[in-house]
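Here the structure comes first, spelled out in structure tokens, and everything after it is commentary.
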Amino acid sequence: MPELPEVEHVVRALRRAIVGRTIIASEIKLPKLISPLSVSSFKRKIKGTQITGVSRRGKFILIELDYRVALPHGRASDTGSAGASPARFATRRFVLVVHLRMTGAFLYLNADEELPKHAHAVFYLDNDRRLVFRDQRKFGVMKLVPASQLAALRGIAELAPEPFTSDFNSDYLQDVLKRSQRSLKTLLLDQTKVLGLGNIYAAEALFRSRINPFKPAAKLSKQRVVLLHEAIKEVLEFAVAHLRGGFNLEAGVSYGEAFERFWQVYEREGEPCVKCGTRIKRATHGGRSTYWCPKCQRR
DNA sequence: ACCCTCACCTGCACGC
DNA sequence: TGCGTGCAGGTGAGGG
């Protein structure tokens with residue numbers, strides 16, 4: 001389902017709901033979800049951890065976990081609290097790295113609510129509620145890693161700069177495009193080059209900047225790179241600002257679904273272009289559907 | 001190093 | 001109704 005804006009939306013909802021909670025137990029019904037860890041070691045490691053934060057890197061959700069280990073003899077550890085009395089515990093930090101891929105979603109269930117179909121992981125929290133990971137197509141992945149290893153994790157380490165930071169600027173984008181032999185549409189989907197777009201927002205960003213999806217990336221003029229850079233940021237920002245889930249945290253209704261659809265070309269084959277009225281076209285490109293206005297996006 | 005295709009899964013909408 | 005086909009917002013492995 002999700003591209004960066006949807007993931008950001010899920011992160012914010014999770015943050016409101018689960019930060020501060022302790023995971024008292026878990027169930028993993030789909031072992032490959034958490035591989036290469038075994039189910040038993042995953043459960044052992046995550047049990048008793050406290051959720052200290054929820055953040056995001058690209059489309060990866062990062063659930064930050066602290067595990068306090070009691071130390072014998074009241075010895076202070078360097079991660080323990082400083083203060084008058086010596087710490088009697090050490091804190092180990094972990095991150096549960098989650099990628100929703102196509103159909104992953106989190107649910108936050110009350111004690112009396114039934115598990116939905118395709119619930120592959122269940123985390124029992126200390127407030128008598130459950131955080132559930134559901135994923136119809138089973139593409140989603142979950143990795144529990146020490147916080148110190150996060151940055152080097154394969155899949156994370158290679159990611160392009162975050163689109164809302166100054167590192168993602170038009171000079172960076174021009175540099176990336178110049179080196180590529182691929183079409184713009186294909187390149188925009190590559191998370192190691194441009195971060196956060198998926199099939200919908202790549203199409204939307206190209207439409208917004210009036211650039212043809214099939215154009216070779218290296219052939220885009222500097223002027224139009226600037227336009228594309230603006231469009232990418234605007235499309236993502238607009239989506240983050242306007243996404244609304246139909247969910248209610250207190251009622252325990254699900255996250256990650258029921259997003260409004262406000263895109264202008266995606267899934268609009270045959271409909272009139274909002275700018276010029278020409279019928280939107282669709283083609284398969286690199287195995288995926290691409291939508292564009294043949295008049296607005298001629299070049 | 002790059003780029004492409006396919007594989008990973010289930011479910012849904014469509015046409016016959 | 002049933003069955004076959006194509007398609008779905010993501011990525012990684014494996015090949016050229």
Side-chain angles (χ1 to χ4, degrees), chain A residues 1-11 29-36 56-61 97-106 116-121 133-143 153-160 163 175-207 213-219 232 235-236 238-240 242-245 254-270 281-292:
Chain A
M1 244 165 98
E3 302 180 30
L4 187 141
E6 289 78 7
V7 173
E8 177 62 29
H9 201 63
V10 171
V11 163
K29 298 162 190 282
L30 182 71
K32 80 155 191 173
L33 174 66
I34 50 104
S35 75
R56 175 186 69 64
R57 175 78 176 96
K59 301 176 190 172
F60 288 89
I61 296 168
V97 181
V98 183
H99 200 299
L100 305 175
R101 294 285 178 93
M102 298 285 264
T103 53
F106 279 106
K117 223 174 157 184
H118 307 300
H120 304 312
F133 182 74
R134 186 195 60 195
D135 186 5
Q136 177 189 112
R137 288 172 79 179
K138 303 181 182 170
F139 290 170
V141 288
M142 219 177 242
K143 283 192 192 308
L153 199 65
R154 242 204 48 233
I156 300 261
E158 302 87 350
L159 293 175
D175 191 52
V176 160
L177 298 188
K178 223 185 317 181
R179 297 165 189 275
S180 172
Q181 302 304 116
R182 299 140 99 186
S183 73
L184 281 166
K185 174 65 182 346
T186 308
L187 186 114
L188 291 184
L189 294 177
D190 184 341
Q191 303 298 298
T192 70
K193 304 296 193 297
V194 175
L195 189 57
L197 298 173
N199 209 29
I200 295 175
Y201 297 122
E204 296 298 312
L206 288 163
F207 175 71
F214 307 105
K215 188 177 178 68
K219 299 224 166 134
I232 290 169
V235 159
L236 292 175
F238 182 90
V240 169
H242 288 82
L243 282 176
R244 294 283 180 276
S254 66
Y255 305 112
E257 52 186 20
F259 292 115
E260 274 180 39
R261 295 146 53 103
F262 41 68
W263 39 88
Q264 301 193 307
V265 282
Y266 187 78
E267 278 192 345
R268 289 191 185 277
E269 181 182 17
K281 295 192 94 171
R282 169 185 173 276
T284 308
H285 180 52
R288 322 203 53 194
S289 288
T290 293
Y291 300 83
W292 78 104

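Chain letters run A, B, ... following the sequence lines, proteins first and then strands; every chain starts at 1.
- In this view, A/F133 and A/F106 satisfy the ring-ring contact (aromatic ring centres under 6.0 Å, His included) rule, not counting sequence neighbours.
- In this structure, A/K143 has no salt bridge (charged side-chain N to carboxylate O under 4.0 Å, His left out) partners at least two apart in sequence or on a different chain.
- Near DNA chain C, defined here as any heavy-atom distance below 4.0 Å, the residues from residues 189-198 of chain A are A/Q191, A/G198, listed numerically.
- A heavy atom closer than 4.0 Å to some atom of DNA chain C occurs in A/R282, A/R288, A/S289, these being the qualifying members of residues 282-292 of chain A.
- Residues meeting the salt bridge (charged side-chain N to carboxylate O under 4.0 Å, His left out) test with A/K32, sequence neighbours left out: none.
- For B/dG11, the OP1/OP2 oxygens have a side-chain nitrogen or oxygen of A/H118 closer than 4.0 Å.
- The salt bridge (charged side-chain N to carboxylate O under 4.0 Å, His left out) pairs that include a residue from residues 187-199 of chain A are A/R182-A/D190, A/D190-A/K193, where partners are two or more places apart or lie in different chains.
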Protein-nucleotides 7-9 of chain B N/O pairs closer than 3.5 Å?
unit_1: B/dC9; atom_1: O2; unit_2: A/R137; atom_2: NE; d: 2.8
unit_1: B/dC9; atom_1: N3; unit_2: A/R137; atom_2: NH2; d: 3.4

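- Minimum interatomic distance between A/L206 and A/K185 (heavy atoms only, all atoms of both residues): CD1-CA, 4.1 Å.
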With pairs defined as Watson-Crick or G-U wobble and both distances under 3.5 angstrom, please note down DNA chain C as a dot-bracket string, | for pairing with another strand. .|||||||.|||||||
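- Residues meeting the ring-ring contact (aromatic ring centres under 6.0 Å, His included) test with A/H99, sequence neighbours left out: A/F60.
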Close N/O contacts between protein and nucleotides 13-16 of chain C (under 3.5 Å):
unit_1: C/dA13; atom_1: OP1; unit_2: A/R154; atom_2: NH2; d: 3.2

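- A search for salt bridge (charged side-chain N to carboxylate O under 4.0 Å, His left out) contacts involving A/R179 returns A/D175, not counting sequence neighbours.
- Among residues two or more places apart in sequence or in another chain, the side chain to side chain contact (heavy atoms under 4.5 Å, CB included) test is passed with A/Q181 by none.
- The CG-P distance, from A/D135 to B/dG11, rounds to 11 Å in whole Å.
- Taking atom P in both B/dG11 and C/dT11, one finds a spacing of 22 Å when rounded to whole Å.
- Taking 4.0 angstrom as the limit, A/T186 places none of its side-chain polar atoms (N or O) nearer than this to OP1 or OP2 of B/dC3.
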